[in-house]
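This report refers to the structure that appears directly beneath it.
Below, chain A is the first sequence line, B the second, and so on; all start at residue 1.
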Amino acid sequence: MKLCIRSAVASLESLDLHFVPCMLTCHGKNSSDRPCDLMFQLWKEESMKLAVNIHKIIDTKLFAASVVESATETLNNLESDRTATNVKPLARVLQIARVFHHHLSLNSVGDDVERLGQLRKDLNIMLKECKAALKYVDCEKEISKRIFKRFRLLVHVVGKIRNEIPNYEPDVEENESIAREVGHFSSRRQDLHSDGVFDDIVGATEYFKSFGIGMTTTTRLFYPKPRGLRSNAREYSGMRNQTISMIPQLPSHLLSASKLGITRRNGQIFRQPINISGFGQHTKGLLPEVNINESTMNLNVTG
Amino acid sequence: MGYFKDRITLSLEELKDAVSENVQSEDPPSVMSSLDSVLDTLDDVLEKDSLNIATLSAMVSNLLAQVLSFHPVVLPEDGGKILTMCKLVLSKKLAMEETKDRLMVEDLRRSILALEELLSSCILRVFVHVMVELDEKSSEKCSEALLPQGSLSTTDFDLLMDRLIQLGIIACGFADSNKSEYTFNYYQLNYN
């Protein structure tokens, strides 16, 4: 796969030099077999190859979250601003959803899980409905309301798919380091709560689960490539001295796992805000309220 | 014509060399790989307490230069955010050089982590944007798309090309080098 990406990038780079001049010199000729048509064909093929490959390494869950986020934003803007023309932004939302559907079928998401397969079919139907509805966007108010409802449904289906996608399961060594880190976290918690709410019996991973924190949730953009144990160990041991500090009203893009003091730096580039929505009643007075819904790459967007 | 002939011969010779030597070439340097290396170094520094300010600040400067070179590729609405974040990192770096304090290194590390997060969300948005554009273009013919009154001006095309290449370079670092598994199917290219 790496070779494919590299070859596509290389051919795109070499095409880049020749394409525009060729197009300019060809301009005005009417013959059917112009060289720039051939080049354009080649360019399309190469760029599609690259796109397909990138689709294969992108994290589906994060992709879905991003689709939901951008679509919801567009729809909200359109609904609040009645004067704006609706066709173009809606068509864009539709196209993004189509790309997402394409992504799902490329990665054969839902081929083995029945529920996901059903949702994928739903998404396909919604795409068709929205496409048909798009023709009537600029009609009366009543109809346009219904069309918005269609699009909301579309976004909702994408959100459902995002929720259904299983979390990325880290491999064994990564699990170990997470357990170590979590163990550290829970012992610290015990200091805070000496009343025995959190006793030793609670295993590290279960401990986090009881909080509703999925330590294995990913919003990494790309699936990680394997890295050595050494670097993992080093990174995690470096983390031990960190304090757990939560700072309310951070700018949304700063509200990440790293800022919560629970950094998981394990070599992959894209790590995520940890889902703390399930932080239980035990911690109510302890932690400041943080509005996770405002975070950019959010896990709690419901559409 | 001779020019193209020469090019073809040259490429074929290079290909022959590459196949015979079977060299494992390195990934092209990308923003993300240099981010990773800077963060690794910072972790090392924080662990071992061996503070080499000169190397560290050189690495951070290099990183900032790379991020800024990536800047024209991102969507216009994200450009401002990236610039602000770069300014933040720069100020942290200057503070670190001045005080030579361990706390400042920690501060710098945090700001770089934030920068990384921002960059990754920007990349995702660029990716979605590029995919949508490719989707549009795939149905058109060159003759329609690239005329002056067509949907694609040369500047737009250049930008799209830049974005594609940058995405490809970044993706290179994350793809596995598994050759056998992958088979390319032309039908995958077409939507629906």
Side-chain angles (χ1 to χ4, degrees), chain A residues 1-6 8-9 12-13 16 19-20 23-24 27 34 36-37 39-41 44-45 47-54 57-58 62-63 66-67 70 92 95-96 98-99 102 106 220-225 231 234-235 237-238 253-254 256 258-259 263 265 267 269-271 296-297, chain B residues 27-28 32 35-36 39-40 43-44 46-47 81 85 110 113-114 116-121 123-125 127-128 130-132 134-138 141-143 145-148 154 157-158 160-162 164-165 167-179 181-182 184 188-189 191-192:
Chain A
M1 185 186 279
K2 187 176 246 171
L3 274 179
C4 284
I5 295 181
R6 291 182 76 148
V9 171
L12 278 179
E13 268 176 352
D16 194 14
F19 191 63
V20 172
M23 181 199 81
L24 289 176
H27 175 59
R34 298 184 303 175
C36 73
D37 273 335
M39 265 194 180
F40 192 64
Q41 191 62 36
K44 266 197 310 201
E45 253 173 56
S47 51
M48 278 301 179
K49 255 184 219 174
L50 186 63
V52 166
N53 274 310
I54 297 182
I57 53 173
I58 275 219
L62 181 64
F63 192 11
S66 158
V67 172
S70 69
R92 195 175 161 77
Q95 254 170 342
I96 292 177
R98 269 180 70 198
V99 172
H102 184 61
L106 266 182
R220 300 179 189 104
L221 179 47
F222 294 116
Y223 292 121
K225 63 176 181 184
S231 66
R234 192 190 68 220
E235 280 149 11
S237 57
H253 59 273
L254 294 183
S256 65
S258 58
K259 288 287 159 183
T263 316
R265 167 137 194 87
I269 59 161
F270 300 135
R271 92 193 69 39
T296 45
M297 275 296 136
Chain B
D27 286 339
M32 285 304 169
L35 253 175
D36 262 0
L39 284 170
D40 279 348
D43 284 353
D44 267 350
L46 284 174
E47 181 153 334
K81 287 184 207 165
M85 197 50 95
R110 290 192 168 229
L113 278 173
E116 189 189 20
E117 194 124 338
L118 178 66
L119 264 183
S120 50
S121 63
I123 290 171
L124 187 67
R125 277 196 282 272
F127 172 72
V128 173
V130 166
M131 288 302 126
V132 169
L134 279 183
D135 189 19
E136 281 171 7
K137 299 295 168 292
S138 63
K141 273 197 165 175
C142 166
S143 38
L146 287 167
L147 287 179
T154 42
F157 182 78
D158 277 343
L160 182 61
M161 196 73 131
D162 277 352
L164 263 174
I165 291 174
L167 277 177
I169 289 174
I170 290 173
C172 260
F174 289 90
D176 45 8
S177 35
N178 203 344
K179 290 178 217 166
E181 198 184 295
Y182 183 72
F184 185 72
Q188 285 176 338
L189 299 181
Y191 286 82
N192 294 327

Check: Roughly how far, to the nearest 0.5 Å, is CD1 of B:Ile165 from CG of A:Leu50?
Finding: 9.0 Å
Item checked: Evaluation steps, side chain to side chain contact (heavy atoms under 4.5 Å, CB included), between B:Ile170 and A:Ile54 -> CA-CA 10 Å; B:Ile170 290 173; A:Ile54 297 182; over 6 Å; no
Check: What closest approach, in Å, do A:Leu12 and B:Met161 show between heavy atoms, and which atom pair accounts for it?
Finding: O-CE, 3.6 Å
Note to self: To check you understand the geometry: which heavy-atom pair defines the closest contact between A:Val9 and B:Gly168, and what is its length?
What the structure shows: CG2-CA, 3.6 Å
Notebook entry, point to check: Taking side chain as C-beta onward, heavy atoms only, is A:Ile5 less than 4.5 Å from B:Ile169?
Noted result: no
Next item on the list: Specify the closest pair of heavy atoms between A:Ser47 and B:Leu164, including all atoms of both residues, with the distance to one decimal.
Entry: CB-CD1, 3.5 Å
Check: What is the distance from atom CD1 of A:Ile58 to atom CG of B:Leu167, rounded to the nearest 0.5 Å?
Finding: 8.0 Å
Item checked: 4.5 Å side-chain heavy-atom contact, B:Leu134 and A:Val99 -> no
